[in-house]
Peer 1: 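A single structure is presented below for examination.
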Protein chains: 2
Amino acid sequence: MHEDDIAAMMRALGHPVRLEILRIVSTRSENCCCNDVTDCLSLAQSTVSQHLKVLLDAGVIERQAQGTRNNYRVRTDRLDQFNAAVGAYLGKLGPSASACDRGLQPAS
Amino acid sequence: MHEDDIAAMMRALGHPVRLEILRIVSTRSENCCCNDVTDCLSLAQSTVSQHLKVLLDAGVIERQAQGTRNNYRVRTDRLDQFNAAVGAYLGKLGPSASACDRGLQPAS
DNA sequence: TGCTTCCATCGTCACAAAACGATAAAGAAA
DNA sequence: TTTCTTTATCGTTTTGTGACGATGGAAGCA
C-alpha cells in the first residue's frame, strides 16, 4: 500500500458520517442496505448513497445486489491492510529515514 | 479519542502532500522550517504554510519559534494515540454489536 | 399489466479546500 | 538604520465536497 493509497483511504474515512456509516454497516454484516443506514441517520437517502459510494470507491466496503436491494458489507481485509500500512507509516516517522528523496540531502 | 477526533485527524492526513510534508518534517526532527519543506516540494511557500497549519491544527505537528524561523516537529505522542485509536476502532468493526444506537458507547 | 419499493444517478446550491501571488511583521545581519 | 530572510496571513480563483430533491431503471408484488 503506497502513500497515495493511504491518503485516499484516510480521506474516505475522514468524515464523521462515513465513520458512523461504517459502524452501522459492520453491525449488520449480512443484510445491510442503503435504507437501513438511512433510517439510522438524519440524512437524505441520496446523501447516504453518495457516502456509501465514497466508501465503496475507496474499497472500504463492498456491494452485493440481492433482488431490488443492495447489500453492503465491510471489507475487513482492506481495513486490516490499511491499519497495518498506517502503523508502518507512522512507525517510520519517529526514527530517521531517507526523506526529501527527490535528489536532496537528508539533513542539515 | 472520539470518533470525530479520529475523523478530523484522518482528514488532516488524507492528502498526499501533507503525508509527504509529515515525512519531510520527521526526517529533520530538530530544525525543520517552512522553507526547508518548500524546497523539497514544487509548491509555493504560502501553500506549504497552509498545509503546515492544517497539520498543526490537527495536532499532528508542533511549532516552535526560533528567531525568525519556525521549527516544526512531529508530535509522535499524538500519532501513537491516533494509531491506537484507529486500531481499536477498526478492530471493533469485525464482531457484532447493537446497531443504530446513537446513545450507547462501549469505550473511548 | 400495473403498482410499489429500492436506490444509484443527475442537477443544483452553498460552502470548503487547494493553489497562487502579494503583503506585512519580526528577527537577523549589514 | 537599512536591508535581508522567514513566514503567516490576506485576497482571489478554481476545483471539490456535502447536502438536497427529483428522476428513472430494475426487481418484486398485486
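Letters go in sequence order (proteins before strands), and every chain restarts at 1. This structure is a prediction, so every number in the text was calculated from the model and none was measured.
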Peer 1: Taking atom C1' of dG28(D) as reference, at what distance in whole Å does atom CD of Gln66(A) sit?
Peer 2: 12 Å

Peer 1: Within the structure, does a side-chain N or O atom of Tyr72(A) lie under 4.0 Å from either OP1 or OP2 of dC6(C)?
Peer 2: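 No, outside the criterion.
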
Peer 1: Figure out the CG/P separation between Asn71(B) and dG27(C), and round it to whole Å.
Peer 2: 15 Å

Peer 1: Looking at Arg11(A), I'd like to know if its CZ atom is crowded, meaning that more than 12 non-hydrogen atoms belonging to other residues, nucleotides or ligands lie closer than 6.0 Å.
Peer 2: no

Peer 1: Are more than 12 heavy atoms from other residues, nucleotides or ligands located less than 6.0 Å from atom CZ of Arg78(B)?
Peer 2: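 Yes - once you tally the heavy atoms of other residues, nucleotides and ligands closer than 6.0 Å, there are more than 12.
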
Peer 1: Figure out the CD1/P separation between Ile21(A) and dC7(C), and round it to whole Å.
Peer 2: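 That distance rounds to 13 Å.
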
Peer 1: Can you tell me how far P of dC7(C) sits from CG of Leu55(A), to the nearest Å?
Peer 2: 16 Å

Peer 1: In whole angstrom, give the distance that lies between atom CG of Leu56(B) and atom P of dT9(D).
Peer 2: 9 Å

Peer 1: Considering only dT7(D), dC7(C), dT5(C), which nucleotide approaches the side chain of Arg69(A) most closely?
Peer 2: dC7(C)

Peer 1: Measuring from Arg75(A):CZ to Ser26(A):OG, what's the distance to the nearest 0.5 Å?
Peer 2: 16.0 Å

Peer 1: Hydrogens and angles aside, do Asn71(A) and Gln66(A) bring a side-chain donor and acceptor to less than 3.5 Å of each other?
Peer 2: yes

Peer 1: Using OP1 and OP2 only, check whether a side-chain N or O of Asn70(B) sits under 4.0 Å from dA8(D).
Peer 2: yes

Peer 1: Do Leu93(A) and Val54(B) share a hydrophobic cluster (ILVMFWY, side-chain heavy atoms under 4.5 Å, transitive)?
Peer 2: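 Not linked; separate clusters.
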
Peer 1: Using atom CG of Leu13(A) as one end and atom C1' of dT17(D) as the other, report the distance to the nearest whole Å.
Peer 2: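 One finds 16 Å between C1' of dT17(D) and CG of Leu13(A), rounded.
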
Peer 1: Taking all non-hydrogen atoms of both residues into account, name the closest pair between Leu19(B) and Tyr89(A) and its distance.
Peer 2: O-OH, 2.8 Å

Peer 1: For every nucleotide of nucleotides 10-20 of chain C, 5' to 3': is a protein heavy atom under 4.0 Å from its base (B), only from its sugar-phosphate (S), or from neither (-)?
Peer 2: -------SSBB

Peer 1: Return the value, rounded to whole Å, for the distance between atom CG of Asn31(A) and atom P of dC7(C).
Peer 2: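 In whole Å, dC7(C) P lies 12 Å from Asn31(A) CG.
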
Peer 1: Kindly point out which of dC7(C), dA26(D), dT9(D) is positioned nearest to the side chain of Ser49(B)?
Peer 2: dT9(D)

Peer 1: Under 4.0 Å between a side-chain nitrogen and a carboxylate oxygen: does that hold for Glu3(B) and Arg23(A)?
Peer 2: yes

Peer 1: Rounded to whole Å, how long is the line connecting atom CG of Leu19(A) with atom P of dG18(D)?
Peer 2: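 After rounding, the gap between these two atoms is 12 Å.
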
